[in-house]
Structures are given as structure tokens and as C-alpha cells.
J.: 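Have a look at this one before I ask anything.
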Amino acid sequence: MRATVAERDAVAAELIRYALELAESGAVQVGDAFTDDIAADEFIKCSAEAFLIGMLFTQGMPAERAWAGPYRLAQRLGHFDLARIAAEPDSVVAAFAQPPALHRFVKTLPVWVSSAARRLIAEYDGDAATIWPDGAHVTEVTRRLLEFDGIGPKKATMAVELLVRNRGVCLEGMECGSVAYDVHVRRVFLRSGLVDADTPVEVRRAASAAYPDEPGMLDLPAWLIGRETCRPKSPDCDACRLRNVCPRLTSRSVSGVGARKGPR
Ligand code: SF4
């Protein structure tokens, strides 16, 4: 069973309405918390380098914990000096491995973190904010982010959305942004009939078709619906924001790969 064109249009319109309401209500705005640990959150907000390193943490664990990662790493290292993180990879490995391990991927993350520190020093003079200066184009920022080990299309797309929404960066070319290929977003796109195939290309194409001016706008509402009502098991359609427009293709599901939690 597939959604009709009219159903897809209605779903897209409702998602956009929801996104605009969220923006207007101030439910999500610049300065919103990345993690519920106040000190760790301040660390991420005050340091572009911590934000970039935090992006590396955002997989395989709830994002509230992931975003606390850079602060915990700094505590264990006794510093957050990029030159030392780049030059002393063994210390980074030891800091991650110290119980409780800093990340589920305890062998991979230290490699990515040291590599990111080296790239930041070599190409950005140690200042991650120069990756995404105000006025930079979304495509260029995405390209720069993708050069970092451990940042693929999903993280880069999410980073662009967070830079604009949570860090107040003014980027050009938001029509080139998109939704992150996240398990909650994918589930809602599939069940609401916006896509019939669960692939990154299809999900991005559907977001661009739904809102060409700023496809990334659909990311937050779809993610919230996926997390709160369109759950993997027992979707609560009657309580869902899309209840009046969604064709409710609830037999459709996605694999667990790609789940994320906050911040949104
Ligand atoms: S919870 Fe139901 S109404 Fe909402 S998006 Fe999922 S399938 Fe559609």
C-alpha cells in the first residue's frame, strides 16, 4: 500500500506547520541545552571545538550522554588542548578506556578525536568556528565537515541544522540542507507515505520535494513525532500530530541503525 499524492502533500504541509509552530513558540531556539549536565552543556556552548568533537560522539548512545563527552574527556585528560590531543593519542585512548568507558565505541572514538584535533590545527588554525563562519554556504560547510574522520552525511546534515538552530550561525543556501537520515525521521517518512523506500537518497528527495526552500525544516517535527508517537512498536496514531493526514502505514519499519536522541 502506498500513500496518494494528496496524502503526501497533506503530510508535508502538516509537518511544515508543526515546524513553524515550534520555531514561533520558542520551543527550540538558540542556546537550547545539548545535554542535561549543566557544566558539560556550557562546555559545548562555549567552545566550537567541543561542539565539533561532540559531533563525533553522537552515535551508538543517547545524544544527551554523547554531548557530555567532550567535557568528560577534558576532565579525564586534565585539559582540552588540541595540540596535546593531536600529539598524545595514547593519552586520549587511555582517557576513553578508563571505567566507565567514555563511549560505546571505545577504540574508534579516540582515533577520530585525535584526527579531528590534527585537522583543526592544520587547516583551521585550531578554531573550529572558521569551518562555519556566518555567511558560509551550507554545501561548503557540509563538505568541510565530511572531511573529518567519523563525520558522515548524517552527522554533517545534523550539524548544519544544529549550527543554525542551536548555535545561531547564519548560513546561506538552506535549500541545500536536508533532514538527517535518522531512524525516527525515517520511520515517520515511511509510515506517513512520504517515501516508499528507506534510503538516504529517497528521504532527502522527499524532504526537498516537501519544502524546497529549506528541507531541513522537516527534520525536527519528524524526529519529535518519531520519538514521541510513531514509536517502533505500538505507534500512538490517535495522539499523533499527523493523525488527520497520515495514511498510517504502520506495518512499515526501519532497522535500529541511526537512532539519535537530543538535542532538538
Ligand atoms: S504515529 Fe501513526 S499517524 Fe503518526 S506518523 Fe506514525 S503512522 Fe502516522
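Below, each value reflects all heavy atoms present in this structure, side chains not excepted, and no hydrogens, waters or symmetry copies. As the structure lists them, so they are numbered: ligands from 1, and atoms in each ligand from 1.
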J.: With a 6.0 Å cut-off (strictly less than), is the heavy-atom count around CZ of Arg104, excluding the residue itself, greater than 12?
T.: no
J.: Does a salt bridge link Asp182 with Arg186, judged by any charged N lying under 4.0 Å from a carboxylate O?
T.: no
J.: Taking the ring centre of each residue, are Phe51 and Trp67 less than 6.0 Å apart?
T.: yes
J.: Restricting to side chain to side chain contact (heavy atoms under 4.5 Å, CB included), what partner residues turn up for Arg252, sequence neighbours left out?
T.: Arg2, Leu190, Arg191, Asp196, Leu249
J.: Please collect all salt bridge (charged side-chain N to carboxylate O under 4.0 Å, His left out) contacts where either partner lies in residues 123-140, sequence neighbours excluded, each pair once.
T.: Arg119-Glu123, Glu140-Arg143, Glu140-Arg144
J.: Using a strict cut-off of 2.8 Å, how many protein N/O/S atoms surround atom 8 (Fe) of ligand 1?
T.: 1
J.: Listed by chain and number, what are the side chain to side chain contact (heavy atoms under 4.5 Å, CB included) partners of Ala40, not counting sequence neighbours?
T.: Thr35, Asp37, Ala68, Tyr71
